[in-house]
Every structure is written in C-alpha cells, then in structure tokens.
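As structure tokens, the structure follows; a few thoughts come after it.
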Amino acid sequence: MTTEPRTIYLKNTLTGEKQRLEPVEPGKVKMYACGVTTYDYCHVGHALQAVFFDIIRKYLRYAGYEVVYVRNHTDVDDKIIQRAKERGMAPDVLAEEMVRAADDDMALLGVEPADFEPRVSRMIPQIIAMVETLVANGSAYATDDGDVYYRVRNKDDYGKLSGRKIDELRSGTRDLVQGSKEFELDFALWKHDETPSASWPSPWGVGRPGWHIECSAMAKEFLGETFDIHGGGRDLVFPHHENEIAQSESANGAEFAKIWIHNGLLTIEKQKMSKSLGNHLLIRDAVKKWPFEVLRLSILSQHYSSNVDFSETGFQTFFKRLNYYYDTLSELDLAAENAPASAESLEGCDPADIRDGFHAAMSDDFNTAAALAELNMSMSKAREFLGAKHDKARKRFTARETAVAFREVGAVLGILQADVAETLTMLQEHLLPLLGVTREEIEAAIAGRKAAREAKNYARSDEIRDDLVEKGIELMDGRDGTTWRVRPQQSN
RNA sequence: GGCGGCGUGGCCAAGGGGUAAGGCAAAGGUUUGCAAAACCUUCAUCCCCGGUUCAAAUCCGGGCGCCGCCUCCA
C-alpha cells in the first residue's frame, strides 16, 4: 500500500518565495546540511541547526517521503590546525576527538545521525577530482604558489543566493588581499600547506582543500549533481553557500540544490553568543542544567527562520510545559489500561485531529511554533476528555489511541519518547542540586507536615509548606498522599 | 556604505487582504483545612504617518527603532 507523500511548502532562500517541494526523484528527498567544523566542542548554536534539520528530516519521512540526508564533518580546516598547534597535538587527533564529541553531543539532544556523515579527510580524491574539473574547464586556475582559485568572474550569476553583485562586493570590502590571485574575490579551492596529517599530495603539490569545496564534493558523491534541499545557518549564506553553488554548477554543468533553507541564529538572553561576552554555552553544559527536551522545545517555539533566543525564563516555561505534556501522557496511559485491542468506535476525542493539526502546521514551511500550538490545544482537549464520563471500553481505547498519536507526533519533534514515570521523576529532581535541597529533606518535611495535619495543627503544616516553597518546592496534596515537585517559576 | 530580516497583549510567539493561534504571567470560579495541580472563564486591533482597497496587522511609500550578513562562524 503506497500513499502519496503529503504536499509540503517551504521558503526558498534562492527565490525568496515559498514553493512546493517537488523532489527530483518523486517521493524521495535528498538533502544536505552543513555540519560543524571539529576544532572545539559544539555549542548550543550548533544544536539549533542540528535539531532543526533533524526535525525536517523526520517530518519529511513522516509525511511519506523517503529521505537521504547528508551532514558532513569538516575535519580539515585552518582553525583545527591552529587549535591543534596550541594544544601541541596533531590536527587529525584533535579532529577525531572533536568528531566523536560532536556525535555524543548531538545524541544528547536526540539528534539522529544522518544517513551519510562524510569527513573532508576521507573525501580527498573526490575533492581533487572536482578541482581538476574546474581547472580543466577554465573555472579555476592554479598559481605558482601551489594554490588553486575559483574564477568568480566567469560565473554570470555569481551572487544569486545572497543577492550580491561582484561590484558591490568589491566596493564594500576593505583590505582585500589579492596576493597571487587573478581577482580579489576569487576564493581558494586548494591551498598549499604541508602540515603533517592535514595535507595531501595533489596535481598542484602538497596541500589541503579550501573551505567550500568539501561540501560540493560530498553533495555530489552522495546526492548527485542536482538534489532537493540544502541548508544551514543563515550566517553561511555568504560566502559559503554562494561559493558552493558557484563551484558545483561550474564543475557539474547542472543546477545544484533546488531549494535552500536557512535557519536563524541563536542568541542568549537576546545577545549574540560569543566567548568574549562570556555567554558561550556548550551543548554538554546546557543539558546538565536543562533536560534536552526543554532545549528542543525552546528551539521549536519559534519559526526556524527567526533567531531563536535562549533565556532562563524561556527554559522555565518549557520545563513546566514538558512536565504538563508528560503528566498528560501519564493520565492517558492510566486511562488506557486494559484497553481493548480494537474498539467499535472512538469517543470524546479524535486522535486524527492531533495528526491533522500537526501536519497542517508542519507542511507549511516546517512551522514548529504553530505545531506546538496545535499540540497544546490537543493536549488540552485530551485532558478535557479524561475528565468527562464516557463508555468505559471506548474511553480506554480512545485514551490509548490518543497517547499513540501524541507519541507519534512527538517522535517527529524529538520529544515525548521517554518513559513517562522516569521522566516525571527526573523533572522533579532535575533542578534539586541547583536549589540546594535533597529528596530526603523534602520527604522528611512532608512527613513532619503530615503529622501536623493529622493533629490539625494547620499553622505548623502551613509553615512547613511555606518553607519548602521558599526553597522552590511545591507540595501537592492528593488522594494518595502528598507529592512534590520543583517549582519551575522562581520569580514573579 | 551595500544586501537581507524584524517591530503583534505585562513577557515569549504564530498568522500575513476579510476582521487577531498557542504558551507564560495575571484575575475570577470549581476543588482544597488553607494551598498546589487540574479543569472552566476573562484578558490585544498588531511601532508611527500617509496611500491602494468594499475591506490592511497583512499590500505600497515615508519615518523611527532593533538585528543579521558583507571577515572565521550553525
């Protein structure tokens, strides 16, 4: 049984317009996203980009497409060589360490590995072949220094992605060192360099690839000359993506990526993240403080094309939301116990609405913010359903189907997949160390309060509760005793 | 200087010609020893000024403010 993939619209940086996704090969989407340069641990900005493309890939699959996703590791680069020198190690050793760290960090965020994760160091023959093609057809030239440059002026539509013109680029730039280049804007395809473990023999002597050529070679290797979607951070539009297009199209004589998508950048408390501001946040540090699903929700809460802001109040909000989501799942699971394998009919709540709302939002340029709004409304309806009276068997069946739909949609967003009870406990305890309170202390206080309540000494029991609230712990008296949780909102 | 984006309730954030999704906070209610949680209810005319239109937050022009890129960057 094959069903038609869902129609998807997305905004193309190349044209500035929203257009329908029509894969070169019907039903199969080939996409490429620029990965990280492995000279240091990944920061949350990398997380934003990785999570976003992870979701696109998962959504495309959910929408019925076969997806081939390539995400590279740039493991040969100036910065790697520089950093390795500082640390007194070989570049390839540093790169290897950081590639692994990057994989670990992405896994912490629930980012699934791409189908192909090529590295520059393992693509040298393909890169050299592409540079040779460019030299042979006059799109590039070698210099006496052993460098090879791309001839920007030979491409009439150079600048089409970023909306720039060669003349404007010239006048707008200062201190352009021409060196042995024919023209100041020509960029390097191959650089003469003899650093051990970061250089290779080539027709132009020993050296290494320039910055942009790797992606062109990798895309061609795994996706072909023309493919469907290419993306990355907005900051890569120029010069990186612009140059990729130029060199690929010159080498292949074919259109490169059909649709370009770019995510906004990440700010922290509305400030650009930078080491000098001291707000540089690594993924591995971020997940210590906030569960990865909170991080994902923060990213999802804004449309990908906007800049995403990470803020303490934002995290608190999503922390609370996450608790609400899992709490709802917990209630649904409880209501679904002993559900019949199949039921005559649903009642009070239709899981199809959850999927429909989700698709409506996501198929329109991956509008995760709208998808989250749909999820919120669906959750709200589910809770209403749980509180209402229904035929028992049908209610159990409906609860189960509803939970299935939530988990299904959550899987696409990379949330709501964990064990419910464990997650609820984890959320409770996650912030404890920051509050300086232990579980034992809380439980002891609850026991003391219980005794006071039984003695109807409410003044004392309230005092105990207020004391805990002061520390950031909320108590909830339920039918089966008192439970507690960390109060997400610290102030206001 | 060039190119691009943005300005929506106290805060965050969708929408983008037909009369404002969602979340946080807040207020009232149900519940509770009192609370909390949950549930119900309430809460905006979209930076300013012009214009186009039967109709504009949405289109056009002009302001003001913010941001990104043009140099390594996800």
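The chains referred to below are lettered A, B, ... by the order of the sequence lines, with proteins before strands, and numbering in each begins at 1. Side-chain atoms are counted along with the backbone in the values below, which use heavy atoms only and exclude waters and symmetry mates.
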Within the structure shown, what part of the strands sits under 4.0 Å from A:G16 by heavy-atom distance: base, sugar-phosphate, or nothing? nothing
Would you indicate what A:S162 reaches in the nucleic acid, counting non-hydrogen atoms under 4.0 angstrom: base, sugar-phosphate, or nothing? sugar-phosphate
Distance-only, no hydrogens or angles: does the A:T15 side chain make a donor-acceptor pair with backbone N or O of A:E17 under 3.5 Å? yes
Establish, for the pair A:R284 and A:Y41, whether the NZ or CZ atom is under 6.0 angstrom from the six-membered ring centre and no further than 45 degrees off its axis. yes
Should the pair A:K191 and A:Y149 be classed as cation-pi, given the thresholds of under 6.0 Å to the six-membered ring centre and 45° from the axis? no
Aromatic rings A:H241 and A:H262: how do their planes relate, parallel, tilted or perpendicular, breaks at 30° and 60°? tilted
May I ask you to check whether A:S121 and A:R119 show a side-chain donor-acceptor distance below 3.5 Å? no
Taking OP1 and OP2 of [N], is either one under 4.0 Å from a side-chain nitrogen or oxygen of [X]?
| X | N | value |
| --- | --- | --- |
| A:N367 | B:rG15 | yes |
| A:K272 | B:rC69 | yes |
| A:T37 | B:rA74 | yes |

For a 4.5 angstrom cut-off between non-hydrogen side-chain atoms, does A:Y150 reach A:D186? no
In whole Å, what is the span from the CZ atom of A:F238 to the P atom of B:rC69? 14 Å
Identity of whatever pairs with [N] - Watson-Crick or G-U, under 3.5 angstrom:
| N | answer |
| --- | --- |
| B:rG68 | B:rC3 |
| B:rA44 | none |
| B:rA20 | none |
| B:rA57 | none |
| B:rU30 | B:rA38 |

Please tell me which of A:H212 and A:K18 maps to the more 5' nucleotide of RNA chain B, matching each residue to the nucleotide holding its nearest heavy atom. A:K18
On RNA chain B, check which nucleotide each of A:D364 and A:H46 is closest to and give me the residue with the more 5' one. A:D364
Nearest-nucleotide pick for [X], side chain only, options being [options]:
| X | options | value |
| --- | --- | --- |
| A:N376 | B:rG23, B:rG33, B:rA74 | B:rG23 |
| A:K270 | B:rA13, B:rA21, B:rA14 | B:rA13 |
| A:L265 | B:rA74, B:rG33, B:rC67 | B:rA74 |

Taking only nitrogen or oxygen atoms into account, show me every contact under 3.5 Å that the protein makes with nucleotides 35-41 of chain B, one pair per line with its distance.
unit_1: B:rA35; atom_1: N6; unit_2: A:D477; atom_2: O; d: 3.3
unit_1: B:rA35; atom_1: N1; unit_2: A:D477; atom_2: N; d: 2.9
unit_1: B:rA35; atom_1: N3; unit_2: A:R465; atom_2: NH1; d: 3.4
unit_1: B:rA38; atom_1: O3'; unit_2: A:R383; atom_2: NE; d: 3.2
unit_1: B:rC39; atom_1: OP1; unit_2: A:Y324; atom_2: OH; d: 3.0
unit_1: B:rC40; atom_1: OP1; unit_2: A:E384; atom_2: OE1; d: 3.2

